[in-house]
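The block underneath contains the structure these notes are about, expressed in structure tokens.
Every chain is numbered from 1, with letters handed out A, B, ... down the list of sequences.
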Number of protein chains: 2
Amino acid sequence: MPKPTFFNLPADKREHIFNCALREFAEHPYEQASLTEIVNAAGIAKGSMYQYFADKKDLYKYVVQTVYQHKRSFLQPVWDKAGEIEFFELLSLYYRRSWRFARQFPYEHRVTVNFWDSRDEAVRAEILREREIRNVEFSGLLEHGSRAGVIAAEVDQEAAWFVYHAVGRALIDNFLEQDVSAEEHEVFIDSVLAILEWGLRSRKG
Amino acid sequence: MPKPTFFNLPADKREHIFNCALREFAEHPYEQASLTEIVNAAGIAKGSMYQYFADKKDLYKYVVQTVYQHKRSFLQPVWDKAGEIEFFELLSLYYRRSWRFARQFPYEHRVTVNFWDSRDEAVRAEILREREIRNVEFSGLLEHGSRAGVIAAEVDQEAAWFVYHAVGRALIDNFLEQDVSAEEHEVFIDSVLAILEWGLRSRKG
DNA sequence: GACAAATGTGACCACCCAGTCACACAGGAG
DNA sequence: CTCCTGTGTGACTGGGTGGTCACATTTGTC
């Protein structure tokens, strides 16, 4: 939570500072991100930063929070369709759109990746909170598929969640560095999801 | 590659220094690991360390290399059975044994985790080499299963490798912190693998 | 013993860091 | 013009870092 002074700033200056911080926290994990680097890039004095935020961790939390707010609103259209389409189709949409987010906002994306890897104790509390949110989102999806009868009754739901979580993370994280085209990767996403679908789908046919 | 002086050391001292370094690199990623901390823990002078290793990166590479050598030899018994048992059974063995390694040698395990996450440019070259080794190991397994006809022809092999890699990593990483019993987790490993098996197994039946 | 080669040492260097604080500057109110 | 409050500033502090080097100590050899 920034100090009031930060919100009194003219919008463009405020955004500029935010973007500089975003970039630094994208390029380095929290512990290695340099506040000095941020204020230099932003062209403001070190002391000014401490008028806006209590300390480095305060700034970091604000950035992470804002990024996740953005990401959730970006994914909202997918959830809106949850009632209309089938479970596995929804999953494909979900991962494709996550991938688009990562492509379109690479700094935001890298911040979330660094965030999950963080070892800082104070930061881990936030991590657990986020994980819980993801968990709830996904459990909802699974139950939805389960009720609709498209998921085999014999699969362990916890294991299913686990598989999707692990694979989903890897699907998004590992491909930003490489220069793979967006369409090409969406095809790959679908062949990966096809394997999982075969593993989960009801085995009556 | 340590300097010759390091290997001239009495074995116990050499191992003690190695263990202190191992521990530090387990508890912190490379960039944050402190050489000062290592020499203090080992009870030797800073200068002595520079008689054994060229610099911090040299020490780190040696630790990582040794750890991977250990891990590979630990997993060897699994590969030795490759000819005797079925593909999916072999996979189960593989992940169970990886899990045992992580349980039995938590420091070694954490070093490998930190290693994969490292962003250091010079270190990344080593990472790619290791990834290539894993890739080759696994492709061999897959082909073996493919020849034996237990894997569906229509699955994308690259996608299959990707799924197992992602899930395998998560299966081990996410459960070390929690105090889950070894046996309990091995059951969970198998229910996860069951999903993947359904996704891959030949669909003739 | 004497000499040399190999090892061990820790104060020291240059550098980077998060965070502070005494001060300068703005602008609105009276 | 004078307060006063809210902002902006950057030199400075104390602490940490990887790496160095002139010197001390141990070891092996004759």
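- For Ser34(A), the side-chain atoms get nearest to dC17(C) when compared with the rest of dT9(C), dC17(C), dT9(D).
- Without hydrogens or angle criteria, Asp58(B) side chain to Met1(B) main chain gives a donor-acceptor distance under 3.5 Å.
- Taking the six-membered ring wherever Trp is involved, the centroid distance between the rings of His70(B) and Phe105(B) falls below 6.0 Å.
- Between the NZ atom of Lys3(A) and the C1' atom of dG19(C) there is a distance of 11 Å, given to the nearest Å.
- In this structure, Lys46(B) places its NZ atom 17 Å from C1' of dA22(D), rounding to the nearest Å.
- Looking at the side chain of Ser48(A), the nearest of the listed nucleotides dT9(D), dG8(C), dA11(C) is dT9(D).
- Taking the six-membered ring for Trp and the full ring otherwise, the centers of Phe115(A) and Tyr68(A) sit less than 6.0 Å from each other.
- Following rounding to the nearest Å, Gln32(A) (CD) and dG16(D) (P) show an atom-to-atom distance of 18 Å.
- The main-chain N or O of Leu171(B) is found under 3.5 Å from a side-chain atom of His185(B) such that the two form a donor-acceptor pair.
- Separating the NZ atom of Lys56(A) from the P atom of dC16(C) is a distance of 16 Å, rounded to the nearest angstrom.
- The distance from atom CD of Glu37(B) to atom P of dT17(D) is 7 Å, rounded to the nearest whole Å.
- Phe74(B) approaches Arg97(B) most closely through the heavy-atom pair O-NE, 2.6 Å.
- Panel note: side chain Glu24(A), backbone Ser34(A); a donor-acceptor pair is recorded below 3.5 Å.
- For the pair Met49(B) CE and dT9(C) P, the interatomic distance rounds to 12 Å; values are reported in whole Å.
- Remark: P of dT20(C) and CZ of Phe53(A) are 16 Å apart, rounded to the nearest angstrom.
- Residues Asn135(A) and Ser139(A) bring a donor and an acceptor atom of their side chains to less than 3.5 Å of each other.
- Atom CG of Asp58(B) is separated from atom P of dG18(D) by 15 Å (rounded to the nearest Å).
- A heavy atom lying under 4.0 Å from DNA chain D marks none of the residues of residues 5-13 of chain B.
- Nearest-nucleotide positions on DNA chain C place Ala33(A) closer to the 5' end than the other of Ala33(A) and Gln51(A).
- For Thr36(B), whose side chain is taken as the heavy atoms from C-beta onward, the closest listed nucleotide among dT9(D), dG18(D), dT20(C) is dG18(D).
- Of the candidate nucleotides dG19(D), dG8(D), dG19(C), dG8(D) has the atom nearest to the side chain of Tyr52(A).
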